[in-house]
Chemist: 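I am attaching a structure below and will ask some questions about it afterwards.
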Amino acid sequence: MDSQNLELSIVVPLLNEQDNIGPLYDQITQTLSGKYNYEIIFIDDGSTDGGFGKLTQLHQSDSKVRVIKFRRNFGQTAALSAGFDHARGDIIIALDADLQNDPADIPKMVDKINEGFDVVSGWRKKRHDHAIRRLLPSMIANWLIAKITGVKLHDFGCTLKAYRREILAEINLYGEMHRFIPALASWSGAKIEEIVVNHRPRTAGVAKYGLGRTWKVILDLVTVKFLGSFSTKPIYVFGGLGLITALGSMASGLMVLYQKFVSPEHLAMNRNPLLVLTAMLITTTLLLILMGLQAELLVRTYHESQNRSTYVIKEMLESPDSKGV
Ligand code: UDP
Ligand code: MG
């Protein structure tokens, strides 16, 4: 096959998945071998099990396998980022290492991209995950993300997605933000499609996330919305809230004057410290969120003006042929 023309890059972030690596590699190879010109990039996100040994073996026996080993755990989004940065295929496909995504779905996604879509997102219609810890928070998150970004997908959190390479080149990822790629891409004019994909229960290794992720996803959503709609006009956010607080302070100021001069008997009733505390906490919350948004802008300036990545690579196992095929 022509090494100049690599069709697919399969990008797999993984943390402590030693028992899943072998079967996953077999399934990917079974589906793609002989049909596509492809590479598989495994990103070892600071595993402490025997996973890297397994990856090294695969790399030695199959030149399609490339491995990026992080110096420590930087998180799934950073791992995906590293994979995207190093991918050489025209179409990039991300999937989880835990066998919950099914590599057999890959050809369907490639067909959709070839029909002219820029991003094809998997929809785990029948999910096999914990109801309270995973399904409920993700229902709420998906509903919120669709409402706020205006991009109508059912399942933003599904890692199994296919991207046309150019789309990813413009997008930098922070926090838990890989799930917002379709929204970011769609804002810059990309054509998005969603297809139903198979989802299987985890049979080996442990799930890496709990409820804590939901809050992070919601904060990332605020950031994405802020950057997408307001980053060239931050005064609309800060000033808009400022207008509300200005009106509030005028109203309460007038009330105080009224109570002092017109009906002083009300003053004695109003000594409620909890009311003051509530007002203070609301103010603090708003200020912290606004400071957070400013910091998000700073962090982007920090990374992007100096070309710093959000991860540190310890070691890379590349194919002897530098084209990676
Ligand atoms: N993962 C990772 N770094 C992390 C956490 C997870 O690379 O810090 C990988 C993990 O090995 C798996 C994928 O991300 O391949 C999804 O993780 P998990 O199955 O725990 O999450 P869920 O299926 O609940 O989204
Ligand atoms: Mg999983």
Side-chain angles (χ1 to χ4, degrees), residues 1-13 20 23-43 62-66 80-81 83-128 142 145-146 149 151-171 173 178-200 323-325:
M1 280 189 231
D2 179 6
S3 63
Q4 296 297 325
N5 178 23
L6 191 59
E7 295 172 274
L8 309 183
S9 292
I10 312 298
V11 170
V12 187
N20 290 317
L24 178 70
Y25 168 79
D26 292 341
Q27 292 177 16
I28 296 177
T29 307
Q30 240 171 41
T31 311
L32 303 183
S33 184
K35 301 195 188 83
Y36 301 95
N37 192 0
Y38 67 96
E39 63 179 1
I40 311 175
I41 306 178
F42 289 102
I43 303 93
D62 183 348
S63 64
K64 289 177 159 45
V65 174
R66 300 166 65 197
L80 282 167
S81 247
F84 296 159
D85 290 345
H86 291 88
R88 298 175 181 135
D90 295 331
I91 299 173
I92 298 176
I93 293 162
L95 79 162
D96 283 341
D98 58 1
L99 299 169
Q100 291 202 263
N101 296 137
D102 187 348
D105 286 316
I106 294 174
K108 275 196 294 192
M109 308 195 96
V110 174
D111 289 347
K112 276 282 166 208
I113 295 268
N114 288 332
E115 272 175 37
F117 291 98
D118 298 303
V119 178
V120 177
S121 187
W123 171 12
R124 297 163 292 178
K125 204 166 180 181
K126 280 209 191 92
R127 264 181 82 167
H128 298 274
N142 282 320
I145 298 173
T149 63
V151 175
K152 302 280 172 268
L153 293 185
H154 295 90
D155 187 7
F156 287 88
C158 181
T159 308
L160 179 57
K161 293 189 175 82
Y163 312 89
R164 208 181 282 279
R165 183 197 173 74
E166 314 81 90
I167 295 293
L168 291 175
E170 302 158 14
I171 294 177
L173 299 175
H178 63 89
R179 71 195 61 239
F180 296 108
I181 301 174
L184 297 168
S186 145
W187 288 348
S188 55
K191 277 176 75 184
I192 318 286
E193 175 72 316
E194 188 174 51
I195 64 173
V196 174
V197 294
N198 191 14
H199 192 247
R200 308 177 288 193
K323 292 182 195 88
V325 184

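Treat the numbers as computed from the prediction; the structure is a model and nothing was measured. The basis for the numbers below is simple: all heavy atoms, side chains too, and nothing from hydrogens, waters or symmetry mates.
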Chemist: Let me confirm one number: the NZ-NE2 distance from Lys126 to His199, rounded to the nearest 0.5 Å.
Modeler: 13.0 Å
Chemist: Closest heavy-atom contact between Ala97 and Asn20?
Modeler: O-CB, 3.2 Å
Chemist: Find out whether Ile41 and Ile10 are in side-chain contact, i.e. whether some heavy atom of one side chain is under 4.5 Å from a heavy atom of the other.
Modeler: no
Chemist: Between Ile28 and Ile40, is there a side-chain heavy-atom distance shorter than 4.5 Å?
Modeler: yes
Chemist: Specify the closest pair of heavy atoms between Ala162 and Ile113, including all atoms of both residues, with the distance to one decimal.
Modeler: O-CD1, 3.7 Å
Chemist: Considering non-hydrogen atoms only, spot the tightest contact between Ser186 and Ile192 and give its length.
Modeler: CB-CG1, 3.7 Å
Chemist: State whether the number of non-hydrogen atoms from other residues, nucleotides or ligands found under 6.0 Å of Lys152 atom NZ is greater than 12.
Modeler: yes
Chemist: Can you name the residues that form a side chain to side chain contact (heavy atoms under 4.5 Å, CB included) with Asp62, not counting sequence neighbours?
Modeler: Tyr25, Lys64, Val65
Chemist: What I want to check is whether the side chains of Ser121 and Glu194 have a donor and an acceptor closer together than 3.5 Å.
Modeler: no
Chemist: Give a yes or no answer on whether the side chain of Asn37 reaches the backbone of Glu7 with a donor-acceptor pair at less than 3.5 Å.
Modeler: no
Chemist: If you define the side chain from C-beta out and look only at heavy atoms, does anything of Glu39 sit under 4.5 Å from Leu8?
Modeler: no
Chemist: Under the side chain to side chain contact (heavy atoms under 4.5 Å, CB included) rule, collect the residues that match up with Asn198, sequence neighbours excluded.
Modeler: Asp102, Asp105, Arg200
Chemist: Determine the minimum heavy-atom distance between Arg124 and Gly157, stating which atoms define it.
Modeler: NH2-C, 3.3 Å
Chemist: With sequence neighbours left out, write down each residue that passes side chain to side chain contact (heavy atoms under 4.5 Å, CB included) with Pro13, or none if nothing qualifies.
Modeler: Gln76, Ala79, Leu80
Chemist: First locate atom CG of Leu168, then atom NE2 of His178, and finally report the distance between them rounded to the nearest 0.5 Å.
Modeler: 13.0 Å
Chemist: Return yes if some donor-acceptor pair links the side-chain N/O of Glu193 with the main-chain N/O of Val120 below 3.5 Å, else return no.
Modeler: no
Chemist: Checking the side chain of Ser188 only, and the main-chain atoms of Ala185 only, is there a donor and an acceptor separated by less than 3.5 Å?
Modeler: yes
Chemist: For Gly89 and Ser9, which heavy atoms make the closest approach, and how far apart are they?
Modeler: N-OG, 2.7 Å
Chemist: Can you tell me how far SG of Cys158 sits from CD1 of Ile195, rounded to the nearest 0.5 angstrom?
Modeler: 9.5 Å
Chemist: Between Lys112 and Lys108 (side chain of the first, backbone of the second, donor and acceptor by atom type, cut-off under 3.5 Å), is there such a pair?
Modeler: no
Chemist: Could you walk me through whether Tyr38 and Thr29 pass the side chain to side chain contact (heavy atoms under 4.5 Å, CB included) check?
Modeler: CA-CA 10 Å; Tyr38 67 96; Thr29 307; 3.9 Å; yes
Chemist: Can you pull out every ring-ring contact (aromatic ring centres under 6.0 Å, His included) where at least one residue sits in residues 104-124? Sequence neighbours excluded, please.
Modeler: Trp123-His154
Chemist: Atom CD1 in Ile91, atom CG in Asn114: separation rounded to 0.5 Å?
Modeler: 4.5 Å
Chemist: Less than 4.5 Å apart, side chain to side chain, heavy atoms only: is that true for Ile145 and Val151?
Modeler: no
Chemist: Partners of Asp90 by salt bridge (charged side-chain N to carboxylate O under 4.0 Å, His left out), sequence neighbours excluded?
Modeler: none
Chemist: Nearest 0.5 angstrom please: Leu184 CG to Leu173 CG, how far?
Modeler: 8.0 Å
Chemist: Counting distance only, does the side-chain N/O of Trp187 pair as donor-acceptor with the main-chain N or O of Thr149 below 3.5 Å?
Modeler: yes
Chemist: Can you tell me how far apart CG (Asp96) and OG1 (Thr159) are? Round to the nearest 0.5 Å.
Modeler: 3.5 Å
Chemist: Among residues two or more places apart or on two chains, list those pairs meeting side-chain hydrogen bond (donor to acceptor under 3.5 Å, both in side chains) that have a residue in residues 160-170.
Modeler: Asp118-Arg164
Chemist: Looking only at non-hydrogen atoms, find the nearest pair between Met109 and Gly122 and report the distance.
Modeler: CE-N, 3.7 Å
